[in-house]
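Here the structure is laid out as structure tokens; the discussion comes afterwards.
Atoms within a ligand are numbered from 1 in the order they appear, just like the ligands themselves.
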Amino acid sequence: MNNDEFRSTAHEFVDWIADFLENIEKYPVLPKTKPGEIKAQLPGYPPLEGEDMKAIFSDFEKIILPGITHWQHPSFFAYFPANSSQPSLLAEMLTATIGAQCMAWQTSPAATELEEVVMEWLRKMLGLPDDFTGVIQDTASTSTLSALITAREKTTGFSVNEAGFYQNSGNRRLAVYTSSEAHSSIEKGAKIAGFGKKNIRLIPVDDDFRMIPSKLEEAIRNDMDNGITPCCVVAAIGTTSSLAVDPLRKIGELCRSYNLWLHVDAAMAGTAAILPEKRWILDGIEHADSFVFNPHKWMFTNFDCSAYFCKDPKHLIKTFSINPEYLKTDADMKVKNLRDWGIPLGRRFRALKLWFVIRSYGIVGLQKMVREHIRLAEEFAKWAEEDGRFELTAPQSLNLVCFRFNPKIVKMDEAALERINKALMDELNDSGKLFLSHTKLGGKFTLRMSIGQTSTAYKHIESAWNLIKTAKAIF
Ligand code: PLP
């Protein structure tokens, strides 16, 4: 493709993108694709000769698009949002065009320095402590893994990096603590970091699904009594299932008194801290050693963009720093080389889209959208509570409502409730008009209404509620 062809095709693509966003409600949120259906339409061998872009695009529309789950649909209420926005898309086009690989300051000085500035903006927007420094990672999973590895190294005097696990007498069994409601990325990270699944303590939660600090202390003491070294606590500010907020201050105080690394996973809910009235969710954050939240979930910045902050980057850098001859530059002593702030060497220029989003909406614009999502969730929760046939299965939290059909006038056992609520969810999702996902809370099959798409408005919540309360499955 030459540049003239690129120019005209790109213009057409931009028109297509704008039309797509304008008409997204015409697409089913969840496709009806059967397993293997897309693969069956694609050739097993790549083309020998180059193909025309028109043919490629036509296949994109015919084969790929019908198999897409529309995360940008305003009636996407499943899992958690992965919202995007026009300013973010524009920046992503520029990022792809520039194609910079931002592993070191020298490999794109502007990328490193912009990242430092936008992370400082974010720190201030969330009210994080002054001594936190931020870096962008791809996902919260990677951020948490980085925290766990850093905690491991700090606790062992950096000896695992040096000698490997259990290779020298200084290495002991290390334990990680998180709640039984914590995200699976913590277990995964702890396994990858070498702690071992059997050294992960899942601390019980209270009736509102928050970690119980006294149980945490019990587990820490129990490990110490058994010769196991407590290493790291991961607190959730917004669990995945119900967006429960762990009591950070109490957990933080315990971490300080037992000298444990405290990592805070606020993957989705962290965004709410841009609202002064929701800043309480981070009460006690000054005790944390590291903190993650994802602008790629609920801050209108397209995937991927995970904001990782740490109190004392020297531990992070000491853990991850590599300095082979071919990467050394004259600027090294004066600048940040962000390859040393995480796992991969290669880094995308993610700061640009964050910069575009924050500048384009402004703090007030972002606050307005996040506040509205929370208001819509509160409204939805009120409807569900007032309708005698439904109940909330967890306290409504920020932009999430956990609920299920459970009419007070009929007594049903858990198995029957699960069957009927699963049928309700399937009926709703099959309609293509909305997409909800489920979880289990205290053994109860629960539907999750997660509100956070960029264009979700009152009318979408209202029509979702109308579909839910009139679904065949509940009559
Ligand atoms: N932590 C929490 C609380 C989450 O809800 C999620 C995703 O749902 C994650 C971590 C993982 O996020 P990522 O996909 O960025 O790794």
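Residue-to-ligand polar distances keep Gly238 apart from ligand 1: every N/O pair is separated by 3.5 Å or more. Where the criterion is an N or O separation shorter than 3.5 Å, residue side chain and backbone included, Asn294 meets it with respect to ligand 1.
The protein heavy-atom contact nearest to atom 8 (O) of ligand 1 is Phe80 CE2, 2.8 Å. Of the protein's non-hydrogen atoms, Ser141 OG, 2.5 Å is the one closest to atom 16 (O) of ligand 1. Atom 4 (C) of ligand 1 has Thr240 OG1, 3.3 Å as its closest protein atom, hydrogens excluded (heavy atom only). Looking only at heavy atoms of the protein, atom 13 (P) of ligand 1 is closest to Ala140 N, 3.6 Å.
When heavy-atom distances to ligand 1 are checked against a 4.0 Å cut-off, Asp265 comes that close only through its side chain, counted from C-beta outward.
Aromatic pair Tyr27/His73: centroids not less than 6.0 angstrom apart. Proximity of the aromatic rings of Phe293 and Tyr308 is defined here by a centroid distance below 6.0 angstrom, and this criterion is not met. The ring of Phe80 has its center no closer than 6.0 angstrom to the ring center of His296. Separation of the Trp465 and Phe390 ring centroids falls under the 6.0 Å cut-off.
Nearest-heavy-atom check against atom 12 (O) of ligand 1 across His183, Gln137, Lys297 picks out Lys297.
The contact set between ligand 1 and His296, taken as ligand atoms under 4.0 Å from a residue heavy atom, comprises 15 (O).
In the model, His460 has no side-chain atom that pairs as donor or acceptor with a side-chain atom of Ser75 under 3.5 Å. Neither side chain, Asn83 nor Gln453, offers a donor N or O lying under 3.5 Å from an acceptor on the other. Side chain to side chain, Thr139 and Thr142 meet the donor-acceptor criterion of an N or O pair below 3.5 Å.
For the ligand labelled ligand 1, residue Ser185 lies inside the 4.0 Å heavy-atom shell.
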